[in-house]
Amino acid sequence: MKALRIGFSVALAGATLPWLFATAALACSPPFEEPTIRALGPAQVVVVGTIGERVQEGRLFHVKRSYNGGVTASRIVIAFKEGEPVGDCSYTVRTGAALIIAPYREPDGRLSADLSTLQADPASDAGRKYIAEATALFGPGVVPVTDSFPADSPTADDPTRTADVRLLIALLVVGVALLFAVVALIGRRRQRDDSGKA
C-alpha cells in the first residue's frame with residue numbers, strides 16, 4: 001500500500017512539474033506560423049529605422065521610412081518591453097540597432113513592442129522579406145520630414161532633469177522658511193506692541 005502511494009505521488013509530480021515549468025515558456029511562445037505583415041491587418045504601423053535612447057515613455061525610434069500607420073515623424077517613441085528574456089516577452093534592446101518593426105498600437109495610441117512583435121534587421125533575409133512585403137502592401141513608403149519629439153526633451157536617465165527638480169524643491173523649501181520667519185517676526189512685533197500698551 002505504501003509503495004502504491006509513493007508510486008502515485010511520483011507519477012503525479014512527474015505529470016505536474018513539466019506543466020508548471022512550461023507555463024512560463026507558454027507566456028511568450030513564438031508564433032507557430034511565420035509572421036507576416038499582411039496577417040497584422042491593413043492599419044498596421046510598419047517603420048524602418050534605428051533604436052534610439054531611452055525616454056520616459058520608452059525609447060526613441062529614428063524613423064527612416066514609414067510604410068503604413070500614419071507615422072509622419074522622423075522620431076517616434078516605442079515602449080519596448082526591455083529586460084531579461086524570462087518568458088514574459090521581455091528582450092534585450094540595443095541602442096543603435098537597425099530594425100524594420102511592426103509595433104502594436106495601444107488603445108491610447110502609444111506604440112509598444114515585445115519579443116513576439118514582428119521585427120528584424122533590415123539587412124537580414126527576414127528584414128528584406130518584410131520590406132518587400134510592406135512595399136507590396138503599402139507602396140514604397142515615405143521618408144518622414146517632421147519631428148514630433150522635441151530635441152530638448154529630457155531622457156529618463158538625464159541627470160539635468162533630476163537636478164532641475166531638486167533645485168525647484170530647494171527653492172520652494174527656502175521660500176516657505178522665509179515666509180514662516182516673516183510671519184513669526186510680525187507675530188513677535190505685535191506681541192511687544194500689545195505688552196507695551198498694557
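Basis for what follows: all heavy atoms, side chains included, without hydrogens, waters or symmetry-related copies. What you see is a predicted model, and the numbers here were worked out from it, not measured in a lab.
- Between Pro144 and Val63, the shortest heavy-atom distance links the atoms CG-CG1, 3.4 Å.
- Residues forming a salt bridge (Lys or Arg N to Asp or Glu O under 4.0 Å) with Arg59 (at least two apart in sequence, or on another chain): Glu82.
- Thr95 contributes atom OG1, which lies 8.5 Å from atom NE2 of His62 (distance to the nearest 0.5 angstrom).
- Separation of atoms OG (Ser112) and CZ (Phe80) is listed at 10.0 Å; rounding is to 0.5 Å.
- Here the side chains of Phe138 and Ser66 are not in contact, with every heavy-atom distance at 4.5 Å or above.
- Partners of Arg105 under the salt bridge (Lys or Arg N to Asp or Glu O under 4.0 Å) rule, at least two apart in sequence or in another chain, do not exist in this structure.
- Here the closest heavy-atom approach between residue Tyr67 and residue Ala134 is recorded as CG-CB, 3.7 Å.
- Here the side chains of Val143 and Val145 are not in contact, with every heavy-atom distance at 4.5 Å or above.
- Evaluation of the salt bridge (charged side-chain N to carboxylate O under 4.0 Å, His left out) test over residues 114-126, restricted to residues two or more places apart or in two chains, returns Asp125-Arg128.
- Side-chain atoms of Ile101 and Phe61, non-hydrogen and from C-beta on, do get closer than 4.5 Å to each other.
- Grouped with Ile186 in one hydrophobic cluster are Val182, the linkage being side-chain heavy-atom contacts under 4.5 Å among Ile, Leu, Val, Met, Phe, Trp and Tyr residues.
- For Glu106, the CD atom sits in a packed shell: over 12 heavy atoms of surrounding residues, nucleotides or ligands are nearer than 6.0 Å.
- For the residue pair Tyr91/Thr117, the side-chain donor-acceptor check at 3.5 Å is not satisfied.
- No single ILVMFWY cluster, assembled from side-chain heavy atoms under 4.5 Å apart, contains both Leu118 and Leu115.
- In this structure, CG on Leu99 lies 9.0 Å from CZ on Arg94, to the nearest 0.5 angstrom.
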Which atom pairs, donor and acceptor, lie under 3.5 Å between side-chain atoms of residues 40-51 and protein residues at least two apart or in another chain?
| unit_1 | atom_1 | unit_2 | atom_2 | d |
| --- | --- | --- | --- | --- |
| Gln44 | NE2 | Ala102 | O | 3.3 |
| Gln44 | NE2 | Pro103 | O | 2.8 |

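- Two different hydrophobic clusters hold Ile76 and Tyr104 under the rule that ILVMFWY side chains link at heavy-atom gaps under 4.5 Å.
- Counting only residues at least two apart or in different chains, side-chain hydrogen bond (donor to acceptor under 3.5 Å, both in side chains) contacts with residues 129-141 comprise Glu34-Lys129.
- The hydrophobic cluster containing Ile131 does not contain Val71, counting ILVMFWY residues as joined when their side-chain heavy atoms lie under 4.5 angstrom apart, directly or transitively.
- Side-chain contact check for Leu111 versus Val77: every heavy-atom pair is 4.5 Å or farther apart.
- Shown here for Glu57 and Ala79, the closest heavy-atom pair between the two residues is O-CB, 3.5 Å.
- Side chain of Lys81 to main chain of Asp88: a donor-acceptor pair is present (N/O by atom type, distance under 3.5 Å, no hydrogens or angles).
- Under a 3.5 Å cut-off, the side chain of Arg65 and the backbone N or O of Pro140 do form a donor-acceptor pair.
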